[in-house]
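Here's the structure we're looking at; comments come further down.
In what follows, chains are A, B, ... by sequence order, proteins preceding strands, each numbered from 1.
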Number of protein chains: 2
Amino acid sequence: MNRNKRAPSEVHNDQRTAILAKSEALFAGRGFPSTSMNDVAEASGLSKATIYHYFSDKEELLQTIAETHVSRLLAVVKLVEREDYPPDERLRQLILGFMREYETAHDAHRVLTEDVRFLESGARAAILAKERKVVAAFANALAAIRPELRSAKLDKPLTMFLFGMINWMFTWVDAKGPLSYEDMAELVTDLFFGGFSQVHHGRQPGKENPK
Amino acid sequence: MNRNKRAPSEVHNDQRTAILAKSEALFAGRGFPSTSMNDVAEASGLSKATIYHYFSDKEELLQTIAETHVSRLLAVVKLVEREDYPPDERLRQLILGFMREYETAHDAHRVLTEDVRFLESGARAAILAKERKVVAAFANALAAIRPELRSAKLDKPLTMFLFGMINWMFTWVDAKGPLSYEDMAELVTDLFFGGFSQVHHGRQPGKENPK
DNA sequence: CCTACCGATCGGTAGG
DNA sequence: CCTACCGATCGGTAGG
């Protein structure tokens with residue numbers, strides 16, 4: 001019934017979503033600068049002019065992909081924070097939530113971490129502001145578990161090491177490998193929890209070797 | 001004395017080294033695909049034709065930079081292995097050696113981790129083979145400390161998490177920040193040593209939830 | 001939603 | 001005849 005009479009906005013939306021999905025895969029695979037708008041058009045089965053009907057330029061594709069993904073990461077953070085877990089469980093849930101997001105949005109995550117630097121400064125700043133909120137949420141959970149780390153100003157660096165472990169995964173994780181993302185989440189969690197509890201908390205940045 | 005009579009090969013070598021240094025900085029800053037040979041020529045203060053006198057094409061620049069750097073990393077590995085440290089000290093020294101290399105070869109390291117994927121498959125394979133040797137050296141040191149990790153096939157994943165912490169640093173470390181690279185090396189070492197000793201060693205990949 | 005294009009710039013090479 | 005280069009421009013393709 002009404003098979004030939006979908007609302008135009010619905011078609012419009014499908015088309016737009018398809019273009020974004022194809023762009024995401026292309027950017028993740030060969031990088032933003034090496035992907036041409038002809039590549040995007042061909043992969044989408046549309047003319048280049050049609051792509052430009054939905055997006056004003058190549059950067060807008062990148063910006064939309066990055067913005068959508070970082071907003072989803074922020075949503076994961078807010079979902080966890082609403083649960084009122086004790087601090088250590090909050091950090092565990094943040095890690096688990098990110099690993100799950102990573103699994104379902106592998107390409108978008110890669111675009112976010114590798115290609116955002118090609119945005120002009122205004123658009124880039126907006127993305128980076130949201131990324132900073134995400135980092136702050138993790139650092140807060142860590143500081144709630146071990147407040148000495150914050151007074152020693154080690155909460156941010158340690159959080160960045162955690163993000164390094166997670167964000168670097170796309171370079172080596174084999175989806176068909178023996179380790180599932182749940183396994184990975186458990187490994188990262190054990191590694192990080194075991195690790196930060198060993199960091200000397202008497203230490204202060206730059207005051208290692210008092211002369 | 002003899003100020004006007006340098007050996008031609010010496011001039012040649014200086015010129016070549018200068019081109020590589022400029023390319024390295026440009027590739028690290030804006031990425032390989034976004035750097036033009038005109039950029040390289042301009043930064044080097046030479047004509048593009050002169051660049052092509054030293055290097056047959058753009059890829060050869062990238063290949064030389066990556067090859068030189070990964071060979072230097074392998075040299076660090078071999079230097080440490082020659083010392084016959086006990087296993088835990090060997091891993092400590094590997095981490096410290098890499099952090100020092102990272103400090104002095106920041107740009108080259110970034111090019112190695114981000115741009116090698118743009119090499120054609122033959123040249124890329126040669127680099128990746130050396131990278132695999134580096135990873136194996138770290139994994140071996142780890143397995144020598146805790147052999148159960150190897151039998152549980154967790155030595156490689158844990159090693160890759162360590163590389164994640166190190167390789168991700170270029171995205172957030174501020175050279176003028178309070179933490180020196182020596183501080184960073186100590187932090188990463190504490191974090192990793194504290195962490196892997198907490199990983200459940202009874203675990204086997206993919207056998208988490210036996211049905 | 002397409003064909004037909006543009007100004008500019010790409011990687012690479014000519015003659016001298 | 002060689003090396004170490006230069007100014008100018010090639011055939012194609014980029015984003016738009």
Side-chain angles (χ1 to χ4, degrees), chain A residues 4-24 26-27 29-66 111 115 117-120 123-124, chain B residues 3-24 26-27 29-66 111 115 117-120 122-124:
Chain A
N4 298 327
K5 214 178 162 194
R6 287 203 288 177
S9 63
E10 197 180 317
V11 178
H12 190 276
N13 230 310
D14 287 356
Q15 203 97 262
R16 193 184 140 91
T17 305
I19 294 168
L20 284 173
K22 296 296 184 181
S23 304
E24 204 171 278
L26 286 168
F27 294 167
R30 51 182 96 162
F32 177 75
S34 299
T35 304
S36 73
M37 289 300 267
N38 281 321
D39 294 336
V40 172
E42 198 180 334
S44 309
L46 299 168
S47 75
K48 206 160 50 170
T50 306
I51 308 293
Y52 278 98
H53 168 72
Y54 290 97
F55 300 92
S56 66
D57 53 28
K58 197 186 170 192
E59 269 214 5
E60 196 178 295
L61 280 172
L62 174 53
Q63 192 187 342
T64 307
I65 292 165
V111 172
D115 290 328
R117 64 169 164 151
F118 298 111
L119 287 172
E120 51 83 29
R124 197 174 58 241
Chain B
R3 275 173 57 233
N4 298 324
K5 215 181 162 191
R6 287 202 289 176
S9 64
E10 196 180 318
V11 177
H12 189 274
N13 230 311
D14 287 356
Q15 203 95 264
R16 193 185 140 90
T17 305
I19 294 168
L20 284 172
K22 295 297 184 181
S23 303
E24 204 173 279
L26 286 168
F27 294 166
R30 51 182 96 160
F32 176 75
S34 298
T35 304
S36 74
M37 289 302 267
N38 281 321
D39 294 335
V40 173
E42 198 180 334
S44 307
L46 298 168
S47 75
K48 204 163 46 170
T50 306
I51 308 294
Y52 279 98
H53 169 73
Y54 291 97
F55 300 92
S56 66
D57 53 29
K58 197 185 169 192
E59 269 213 5
E60 196 177 295
L61 280 172
L62 174 53
Q63 193 188 341
T64 305
I65 292 166
V111 172
D115 290 329
R117 64 170 166 150
F118 297 113
L119 287 172
E120 50 84 26
R124 196 173 59 241

Rounded at 0.5 Å granularity, tell me how far OH in B/Y52 sits from CD1 in B/I19. 11.5 Å

Could you state the atom-to-atom distance from CD1 of A/I51 to C1' of C/dC2 in whole Å? 12 Å

Reckon B/N38 has a side-chain N or O less than 4.0 Å from the OP1 or OP2 of C/dG11? no

Whole angstrom is fine here: how far is it from CG in B/L61 over to C1' in C/dC10? 15 Å

With respect to the phosphate group of D/dC5, does any side-chain polar atom (N or O) of B/Y54 fall under 4.0 Å of OP1 or OP2? yes

Grab the CD-C1' distance between B/E60 and C/dG12 for me, whole Å please. 14 Å

Just to be sure I understand the rule, does A/S47 reach a base, reach only the sugar-phosphate, or reach nothing, if contact means heavy atoms closer than 4.0 Å? base

Separation of B/M37 atom CE from D/dT13 atom P, in whole Å? 19 Å

So, is B/T50 near the phosphate of D/dA4, with a side-chain N or O under 4.0 Å from OP1 or OP2? no

Taking atom CD of B/E42 as the centre, does the number of heavy atoms from other residues, nucleotides or ligands within less than 6.0 Å exceed 12? no

Taking D/dG11 as the reference, what is the distance to C/dT9 when you measure between their C1' atoms (whole Å, please)? 13 Å

Side chain of A/S36: nearest nucleotide among C/dG12, D/dC5, D/dG15? D/dG15

Would you call A/L20 and A/Y54 a side-chain contact if the rule is heavy atoms closer than 4.5 Å? no

Atom-pair distance (CZ on B/R16; P on D/dA4), nearest Å: 13 Å

C1' gap between C/dG15 and D/dC5, integer Å: 13 Å

Can a side chain N or O of B/Y52 be found less than 4.0 Å away from OP1 or OP2 on C/dT13? no

Side-chain contact, heavy-atom cut-off 4.5 Å: A/E59 with A/F118? no

Can you check the B/E59 CD to C/dG12 P distance for me, whole Å? 8 Å

Looking for any heavy atom pair under 4.0 Å, which part of the strands does A/T35 touch: base, sugar-phosphate only, or nothing? sugar-phosphate

Send over the distance from B/E42 CD to C/dG11 P, rounded to a whole Å. 13 Å

Decide yes or no, distance alone: a donor-acceptor N/O pair under 3.5 angstrom between the base of D/dG16 and the side-chain of A/K48. yes

Is the number of heavy atoms from other residues, nucleotides or ligands under 6.0 Å of A/K58 NZ greater than 12? yes

Pick base, sugar-phosphate or nothing for B/S34, based on heavy-atom distances below 4.0 Å to the nucleic acid. nothing

Could you check how far CG of B/D57 sits from C1' of C/dC10, rounded to whole Å? 14 Å

